[in-house]
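Heavy atoms only: backbone and side chains are in, while hydrogens, waters and symmetry mates are out.
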Amino acid sequence: MGKVKLIRDRLRTAQSQQKSYADVRRRDLEFDVEDWIFLKVSPMKGVMRFGKKGKLSPRYVGPYKIIRRIGRVAYELDLPLELEAVHHVFHVFMLRKCIGDPSRITSIEDIHIAEDLYYAEVPVVILDRQVRKL
């Protein structure tokens with residue numbers, strides 16, 4: 001019986017150490033209604049998400065507006081029509097606060113990039129000239 005008690009004590013000690021390590025990194029997240037947030041897209045191998053595959057797929061998409069809070073850890077988002085197949089209630093750990101003005105964020109549709117990742121550079125103004133003689 002003594003060895004079982006010793007094993008339980010050591011397990012309890014290890015669990016409390018792991019909990020203290022986890023509590024250091026844990027952050028209590030809370031958002032307000034009408035806040036703008038980014039939605040985390042969990043990367044899965046070989047799955048096409050939002051038009052990109054693998055490592056190049058975005059980690060967060062958005063920003064989206066919070067409509068209401070459900071309980072302590074769930075939020076309902078105002079998702080666009082192209083994401084109507086996705087459920088509109090998310091856990092707090094799937095969200096990240098949008099810092100700044102969400103109207104200044106460029107949508108993916110506004111950027112025109114060819115299939116070979118080529119885009120045309122257009123100079124705005126020439127800042128300096130230099131003539132060299134050899």
Side-chain angles (χ1 to χ4, degrees):
M1 212 49 184
K3 290 196 178 204
V4 173
K5 186 175 182 331
L6 179 67
I7 291 171
R8 284 188 180 153
D9 288 341
R10 288 187 177 166
L11 276 174
R12 195 173 298 120
T13 304
Q15 285 175 343
S16 74
Q17 282 179 343
Q18 290 175 355
K19 183 179 180 336
S20 66
Y21 294 148
D23 287 345
V24 168
R25 291 190 46 97
R26 180 168 290 135
R27 52 196 170 115
D28 294 329
L29 292 177
E30 259 190 47
F31 301 108
D32 297 325
V33 177
E34 304 290 321
D35 276 354
W36 289 90
I37 54 94
F38 289 109
L39 175 62
K40 184 174 184 178
V41 183
S42 57
M44 293 175 63
K45 205 168 192 178
V47 174
M48 289 284 287
R49 291 192 189 265
F50 303 99
K52 300 275 191 262
K53 182 176 180 180
K55 291 193 303 185
L56 298 177
S57 64
R59 298 286 186 255
Y60 292 91
V61 293
Y64 303 116
K65 196 176 205 177
I66 294 178
I67 297 174
R68 69 184 174 114
R69 183 175 180 169
I70 301 170
R72 292 176 51 203
V73 293
Y75 291 92
E76 182 179 350
L77 302 182
D78 183 23
L79 296 178
L81 291 176
E82 53 263 11
L83 294 178
E84 65 184 8
V86 179
H87 196 270
H88 54 273
V89 177
F90 295 94
H91 193 271
V92 70
F93 289 133
M94 296 287 290
L95 309 176
R96 177 173 283 182
K97 187 160 182 110
C98 174
I99 309 235
D101 186 13
S103 64
R104 300 184 121 206
I105 295 175
T106 307
S107 67
I108 297 173
E109 293 82 25
D110 294 342
I111 303 171
H112 303 288
I113 298 178
E115 290 296 321
D116 59 349
L117 298 178
Y118 171 78
Y119 63 96
E121 291 187 20
V122 179
V124 177
V125 66
I126 298 173
L127 298 176
D128 191 18
R129 273 184 198 268
Q130 186 176 9
V131 178
R132 290 188 174 191
K133 289 187 179 181
L134 297 177

May I ask you to say whether E76 pairs ionically with R69, meaning some side-chain N is under 4.0 Å from a carboxylate O?
no
Path from V92 to V33 over hydrophobic side-chain contacts below 4.5 Å:
no
Atom NE2 in H91, atom CG in L29: separation rounded to 0.5 Å?
9.5 Å
Same apolar cluster: L39 and F93, side chain cutoff 4.5 Å
yes
So if you build clusters from Ile, Leu, Val, Met, Phe, Trp, Tyr with side-chain heavy-atom gaps below 4.5 Å, do L79 and M94 land together?
yes
Report the C-alpha separation of L95 and F38 in whole Å, then their side-chain angles, then the decisive distance to 0.1 Å, and conclude whether the side-chain contact (heavy atoms from CB on, under 4.5 Å) test is met.
CA-CA 6 Å; L95 309 176; F38 289 109; over 6 Å; no
Can you tell me how far the NZ atom of K65 sits from the CD atom of E34, to the nearest 0.5 Å?
4.0 Å
Hey, could you give me the CD1/CH2 distance between I99 and W36, rounded to the nearest 0.5 Å?
15.5 Å
Which heavy atom of P80 sits nearest a heavy atom of Y64, and at what distance?
CD-CE2, 3.3 Å
Can you name the one residue among I66, I37, V89, I67 that meets side chain to side chain contact (heavy atoms under 4.5 Å, CB included) with Y75?
I66
Charged N-O contact under 4.0 Å between K97 and D35:
yes
